[in-house]
Structures are given as structure tokens and as C-alpha cells.
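Report on one structure; see the data block that follows.
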Amino acid sequence: RARQPIIAIDGPAGAGKSTVARQLAQQLGLLYLDTGAMYRAFTWYVLSQDCDPADEVAVAELLSKCTIKLTATPSEQTPQPPEVWVNETAVTQAIRTPEVTANVSTIAAQGAVRQALVKQQMQYGLAGGVVADGRDIGTHVFPNAELKIFLTASVEERARRRQRDLAHQGQAIPELADLAQAISERDHKDSTREISPLRQAEDAIEVITDQLTIEGVLDKLSALYQEKVVTAAED
Ligand code: CDP
Ligand code: CDP
């Protein structure tokens, strides 16, 4: 084949996209591209400049001042999330704060922002060999991806996972109902925006993860990769 395969993983917040995309990339020796981290990094930058996230003109002006870098898939046994840099600042942890999370969907809905970040994402995929996760990967960024997965789970299950994440990090644990509410609001913003909203691509395979462990999801995706990409290429 002319280029290495691309695997696109889309779905709502907390479905398990980044966890399984990262591990699948490592198993297959592909690059992991966390597009959500790019929207979060730019959101962090906008907030750090005291810019109003809803002011589209002011936000767009910041695009040319912000260089986002993601490190490639680390090679350790236990894959860590990629390091994220904005200009000269390491923001790997800073992009996960509640403040960034609360503002990212407002910024990710803006046309100029999406245009700039999608362009950069497409460049990562030029040679193929990428597992990318986000909201519009199969529909917009890599419409020719060899395998498209739509990963999802109920809002309740995704809120429980967030609670567990926060507990592991030793942070205050919000009420389940409040977390579910915040997740639903972000899902709503992401799926109703005008430009490349979150939706399942026609040729994507839906994987519902409520009853699956991370290993269970990985097994399923590996089997789909074998069936849809490896075996298909041999024919
Ligand atoms: O990990 P989590 O599900 O919380 O979110 P994320 O993947 O880090 O993405 C954060 C936000 O970035 C999403 O809620 C979307 O608003 C936006 N995003 C997007 O619009 N398009 C993408 N391809 C990826 C993320
Ligand atoms: O990237 P996305 O927001 O879709 O989800 P994530 O950050 O990969 O996963 C959210 C949390 O759910 C993490 O703590 C995962 O370990 C957990 N998870 C799980 O418990 N069971 C799964 N089948 C998938 C993820």
C-alpha cells in the first residue's frame, strides 16, 4: 500500500477515546494524535492572554501567536499521555483543568480555530500511520481513514469514569449529577455547532463501552483492525 493506515476514533467526552487510542497506537506501532489536546492547548493559551473565549475576532488574532506541539507516542511499556507544548511552555497538565474544560467547546466551535487546527492535524496524517481521536476525525479530518470507530457510552457511565479519574488524582469529587450535567452540556455544544459537529460517520463502526473494560475495548478494536485493515489489504 502507498501509505500506512489511519485509524479515526470519534465520540463524546469520557467514552474512552484517548485511553484506547493511545494504547492501540502503541500496539500497532503507529503515531497517536490527540486532537482534543490541541483544542485544549489553544483554549489554555486564550485564557492565559486574558482574552474572552466568546470574542471570535480577538480569539482568531491569537491563532498566529500560538504554536502547539505534541510529542510522538512514547515507547515505554505503560503509555503516558503525550506531552503538550504551547510556544515554550509545557501545558500537559494545565490543559486538563476544569477552567479549560469549561471553555474548550466555545473555542472549538469557531471556524478560524477549526481551520487552523485541522490543517495541522492533516499534516500529521500525510504519511499515514496514525491513530487520531476527537470529534470530527472520521467525518472531516481523515475522511479516507482505513478504520473509523465511533466510541460511546451512556452519560451516567461517563460521569462515573470522570469521578474515578478525579479520585485517582486526589482531587475533590463533584456530585455524579453535576458531572453528568457538565458532560451533557459539552456533548450538546459539540454536536449542535455549525462546523464539523460531533456525529458518527456513515462508515464508522459504533462501539458501546458501558459494559467493557479498557482491555475489552482494545481487544474489540484490534479485531476490527485485523478484519477491516489487515485482511482487507491482503485481498
Ligand atoms: O477528553 P475529553 O473527551 O474531555 O475531550 P477532548 O477529546 O480533550 O476534547 C476537548 C474538546 O475539544 C471537545 O469537547 C470539543 O469541544 C473539542 N474537540 C473538537 O471540537 N474536535 C476534535 N477533533 C477534538 C476535540
Ligand atoms: O478521551 P475520552 O474523553 O473519550 O475518554 P478517556 O479520557 O480515554 O477515558 C475516560 C476514563 O474512562 C478514563 O479514566 C478511562 O480509564 C476510563 N475508561 C473505562 O473505565 N472503561 C473503558 N472501557 C474506557 C475508559
Side-chain angles (χ1 to χ4, degrees), residues 8-25 32-44 46 53 68 70 78-79 81-82 84 91-92 95-98 100-111 113-122 124-125 131-142 145 149-169 171 179 182-199 201 207-221:
I9 303 182
D10 290 301
K17 300 181 300 298
S18 46
T19 308
V20 299
R22 193 161 78 216
Q23 297 193 26
L24 189 67
Y32 168 48
L33 177 60
D34 181 350
T35 65
M38 296 174 72
Y39 290 96
R40 286 176 178 274
F42 182 60
T43 300
W44 175 87
V46 169
I68 298 166
L70 306 177
T78 316
V84 185
V91 296
T92 311
I95 63 171
R96 307 284 162 192
T97 60
V100 169
T101 303
N103 286 289
V104 63
S105 293
T106 300
I107 287 180
Q110 298 171 21
V113 175
R114 299 205 71 82
Q115 204 178 5
L117 297 194
V118 166
K119 190 173 161 203
Q120 198 178 337
Q121 292 157 17
M122 286 175 168
Y124 279 104
V131 181
D133 81 315
R135 301 294 186 287
D136 61 341
I137 308 303
T139 53
H140 188 63
V141 181
F142 299 128
I149 303 291
F150 195 79
L151 209 61
T152 177
S154 66
V155 172
E156 293 69 31
E157 174 61 22
R158 293 186 279 129
R160 273 193 293 274
R161 290 176 184 173
R162 277 287 188 259
Q163 266 193 335
R164 262 191 313 238
D165 281 344
L166 293 168
H168 279 300
Q169 295 160 17
Q171 297 195 38
L179 277 174
I183 288 174
S184 298
E185 274 171 27
R186 193 143 60 92
D187 286 352
H188 182 75
K189 273 192 199 164
D190 289 343
S191 26
T192 57
R193 70 178 175 225
E194 237 167 272
I195 309 161
S196 330
L198 167 66
R199 64 174 177 80
V207 176
I208 300 170
T209 69
D210 287 68
Q211 313 290 336
L212 292 175
T213 61
I214 292 163
E215 289 68 31
V217 179
L218 268 170
D219 287 348
K220 194 159 223 164
L221 298 199

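We count ligands from 1, going down the list as the structure has it; atoms in each ligand are counted the same way. Everything quoted here is computed from the prediction, not taken from an experiment. Nothing fancy with the numbering, it's 1 onward along the sequence.
- Within 4.0 Å of ligand 2, counting heavy atoms only, the contacting residues are P12, A13, G14, A15, G16, K17, S18, T19, R161, R162, R164, D165, L212, T213, I214, V217.
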* Could you walk me through whether V113 and Y39 pass side chain to side chain contact (heavy atoms under 4.5 Å, CB included), step by step? => CA-CA 8 Å; V113 175; Y39 290 96; 4.3 Å; yes
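- Remark: D133 engages no residue in a salt bridge (Lys or Arg N to Asp or Glu O under 4.0 Å) (not counting sequence neighbours).
- In this model, a donor atom of one side chain and an acceptor atom of the other lie less than 3.5 Å apart for T209 and R161.
- Contact annotation: for R114 versus ligand 1, heavy atoms closer than 4.0 Å belong to the side chain alone.
- Every atom of ligand 1 with a heavy atom of D136 under 4.0 Å away is listed here by number and element: 21 (N), 22 (C), 23 (N).
- Using a 4.0 Å cut-off between charged nitrogen and carboxylate oxygen, D10 and R135 do not count as a salt-bridge pair.
- Near R40, meaning under 4.0 Å from one of its heavy atoms, ligand 1 places the atoms 2 (P), 4 (O), 5 (O), 6 (P), 8 (O), 10 (C).
- Looking at residues two or more places apart in sequence or on another chain, you find a salt bridge (Lys or Arg N to Asp or Glu O under 4.0 Å) between R96 and D34.
- Listed by number with element, the atoms of ligand 1 under 4.0 angstrom from any heavy atom of D190 are 13 (C), 14 (O), 15 (C), 16 (O).
- Each of T35, N103, V104 was scored for a side chain to side chain contact (heavy atoms under 4.5 Å, CB included) with R40, with one residue passing: V104.
- Of the possible donor and acceptor atoms, none in the side chain of K17 sits under 3.5 Å from a partner among the backbone N and O of L151.
- Listed by number with element, the atoms of ligand 1 under 4.0 Å from a non-hydrogen atom of A108 are 16 (O), 17 (C), 20 (O).
- In summary, the side chains of R193 and S105 do not present any donor paired with an acceptor at a separation below 3.5 Å, with no hydrogens or angles considered.
- For D210, the side chain to side chain contact (heavy atoms under 4.5 Å, CB included) criterion is met by A153, S154, E157, I208, not counting sequence neighbours.
- Heavy-atom separations between R193 and ligand 1 include at least one value shorter than 4.0 Å.
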